[in-house]
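Notes follow once the structure below has been shown.
Remember, it's 1-based here, ligands and their atoms both numbered in the order they're listed.
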Amino acid sequence: MSFDSSDRTSVPRRTVLGGAGAAAAVAALAACGASTDTAGDPPQAQPPTTTAPPGPDAQVVAAVADVPVGGGVLIEGKRLVLTQPAEGDFCAFLALCTHQGCNITSVEGDTIVCACHGSKFALDGSVLQGPAKRPLKSQPVEARGTDLVVG
Ligand code: FES
């Protein structure tokens, strides 16, 4: 039995590419925050995982242009915080602090702030400063053309 030289090189190449694709998918999934049920756990150093894409009942909540790269906006009427940690990477969170449920107060630069007791969150929803110990609860979000859709 003999092998053609192209057969011997094609299998490892596919294996490598498949591995790189899987790594990229994992990186993309780790980009934004998600809900957790870990009440009482210590602050998390790792950002939470991304939720599923918006469903059929998703709503347009803002324009892509409303959310600065490396920052975010508070949409009080929708009780949402929208962020864009990197260009084209959008996150959405319920604007409720995970400490004691106060409304998120503002987004200051790259920090989401709850003024009730001083908790601060990163653009991926993870805790930067307590007393909150859990990340913000994420919502599925997607850019569709010039619109940001959440739901
Ligand atoms: Fe936000 Fe306490 S409710 S810091």
Atom 2 (Fe) of ligand 1 has as its nearest N, O or S atom from H99 the atom ND1

At a threshold of 2.8 Å, where the distance has to be below it, does atom 2 (Fe) of ligand 1 have an N, O or S atom of H117 nearby? yes

Heavy-atom nearest neighbour in the protein, as seen from atom 3 (S) of ligand 1, with distance rounded to 0.1 Å: Q100 N, 3.3 Å

Taking the side chain as everything from C-beta on, heavy atoms only, tell me whether N103 gets closer than 4.5 Å to C97. no

With side chain to side chain contact (heavy atoms under 4.5 Å, CB included) as the test, would you mind laying out the steps for V81 and F121 before giving the verdict? CA-CA 11 Å; V81 175; F121 303 88; over 6 Å; no

Roughly how far apart are L74 CG and E108 CD, rounded to 0.5 Å? 11.0 Å

Need the ligand 1 atom indices (1-based, order shown) with element for anything under 4.0 Å from a heavy-atom of S119. 4 (S)

With a cut-off of 4.0 Å, which atoms of ligand 1 are near a heavy atom of C102? 3 (S)

Any idea which atoms of ligand 1 are less than 4.0 Å away from a heavy-atom of C114? 1 (Fe), 3 (S), 4 (S)

In Å, rounded to the nearest 0.5 Å, how long is the span from OG1 of T146 to CG of D66? 9.5 Å

Under 4.0 Å to a heavy atom of C97 - the qualifying atoms of ligand 1, by number: 1 (Fe), 3 (S), 4 (S)

Residue of the set D124, V69, L123 for which side-chain contact (heavy atoms from CB on, under 4.5 Å) holds with T83: L123

Just how far is it from atom CG of D110 to atom CD of Q84, taken to the nearest 0.5 Å? 13.5 Å

